[in-house]
Amino acid sequence: MKKVRYSVEVELQLKESIDQLVERGYFSEEDYAVSYIRDLVTYFQLNLDHLTAFEAPEYFGRYGANLRYAIYRKSNRTTWYAFYKETPEAFIIVYLANNHLMGHHL
């Protein structure tokens, strides 16, 4: 099983997402937002090598060449997309987004 790693930008994004989820009223408490993000990270760590991989559209080329992406349907309303590059040792997630942010680009 390959390791899943995150770019520095994605790690920062995940930390900022916790505050945004609370500020925007998606969660009433920070603990719930932390749990939500932790579940997201855990899902990709445990499943990325088993998920169907799709070739990333040209729009996402700004995050790197030869990117692939995998989908995680977190709920009926929210689908997450992990854009990554694969090395022999690991999957490196370089961009993480959901359908509320960029679904129209897929």
Side-chain angles (χ1 to χ4, degrees):
M1 182 172 172
K2 287 188 183 185
K3 293 185 178 191
V4 175
R5 304 208 186 277
Y6 297 86
S7 69
V8 173
E9 294 82 7
V10 171
E11 287 181 0
L12 180 60
Q13 174 194 3
L14 289 168
K15 289 176 185 174
E16 290 174 351
S17 293
I18 293 168
D19 293 332
Q20 291 174 0
L21 288 167
V22 174
E23 288 171 9
R24 294 180 182 171
Y26 292 107
F27 295 100
S28 59
E29 295 182 27
E30 186 175 320
D31 289 346
Y32 296 127
V34 168
S35 179
Y36 182 88
I37 296 299
R38 187 176 294 133
D39 288 348
L40 179 67
V41 168
T42 299
Y43 178 83
F44 283 119
Q45 286 175 332
L46 295 176
N47 297 296
L48 191 57
D49 60 343
H50 304 295
L51 296 174
T52 301
F54 301 95
E55 188 175 323
E58 285 183 36
Y59 173 84
F60 298 97
R62 68 178 88 182
Y63 301 105
N66 303 314
L67 291 183
R68 302 188 61 72
Y69 72 96
I71 299 170
Y72 173 34
R73 187 174 225 20
K74 180 79 171 140
S75 71
N76 287 338
R77 298 184 63 201
T78 303
T79 301
W80 283 91
Y81 304 91
F83 292 83
Y84 63 92
K85 42 187 162 175
E86 187 174 354
T87 69
E89 302 83 31
F91 297 105
I92 303 166
I93 296 178
V94 296
Y95 183 64
L96 197 60
N98 64 41
N99 58 300
H100 303 290
L101 297 173
M102 50 55 76
H104 60 284
H105 292 292
L106 293 173

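Note that the numbering runs from 1 along the sequence shown for the chain.
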Problem - More than 12 heavy atoms from other groups under 6.0 Å of NZ on Lys2 - result: yes
Handout entry: Over 12 non-hydrogen atoms of neighbours within 6.0 angstrom of OH in Tyr32
Key = no
Handout entry: Lys85 backbone acceptor or donor facing Asn66 side chain under 3.5 Å
Key = no
Exercise for the section: Could you pull out the closest heavy-atom pair between Ile18 and Glu30, with the gap in Å? Expected result: CG2-CG, 3.8 Å
Handout entry: side-chain contact (heavy atoms from CB on, under 4.5 Å) assessment of Tyr84 paired with Ile92
Key = CA-CA 5 Å; Tyr84 63 92; Ile92 303 166; 5.8 Å; no
Practice task
With the side chain counted from C-beta on, respond yes when Leu51 and Phe44 share a heavy-atom pair under 4.5 Å apart, and no when they do not.
Solution key: yes
Practice task
Give the cluster check for Tyr26 versus Tyr43: same hydrophobic cluster or not, with ILVMFWY residues linked at side-chain heavy-atom distances below 4.5 Å.
Solution key: yes
Handout entry: Same cluster (ILVMFWY, side-chain, under 4.5 Å), Val22 and Ile37
Key = no
Problem - Pair Tyr63 and Phe83, ring centroids less than 6.0 Å apart - result: no
Exercise for the section: May I ask whether Leu14 and Leu48 are part of the same hydrophobic cluster, defined by side-chain heavy atoms of I, L, V, M, F, W, Y residues being less than 4.5 angstrom apart, directly or through others? Expected result: yes
Problem - Reported OG-to-CG distance for the pair Ser17 and Leu96, which is rounded to 0.5 angstrom - result: 7.5 Å
Problem - Min side-chain heavy-atom separation Glu55-Phe60 under 4.5 Å - result: no
Problem - Residue pair Tyr36 / Lys74, side-chain heavy-atom distance below 4.5 Å - result: yes
Exercise for the section: For the residue pair Tyr6 and Val41, establish whether any side-chain heavy-atom pair is separated by less than 4.5 Å. Expected result: yes
Handout entry: Donor-acceptor contact present, side-chain Asn99 to main-chain Thr79, <3.5 Å
Key = yes
Exercise for the section: Identify whether Leu12 and Trp80 are in the same connected component of the hydrophobic contact network (ILVMFWY, side-chain heavy atoms under 4.5 Å). Expected result: no
Fill in the blank from the handout: Correct closest heavy-atom pair for Pro57 and Tyr69 would be CD-CE2, 4.0 Å
Practice task
Please confirm whether the backbone N or O of Asp31 pairs with a side-chain atom of Ser35, one donor and one acceptor, at under 3.5 Å?
Solution key: no
Problem - Non-hydrogen side-chain atoms of Leu67 and Tyr95 separated by less than 4.5 Å - result: no
Exercise for the section: Is it possible for you to say whether Val94 and Phe54 belong to one hydrophobic cluster, with membership spreading through side-chain heavy-atom contacts below 4.5 Å? Expected result: yes
Completion exercise
Of all heavy-atom pairs linking Gln45 and Met1, the shortest is O-CE, 3.3 Å
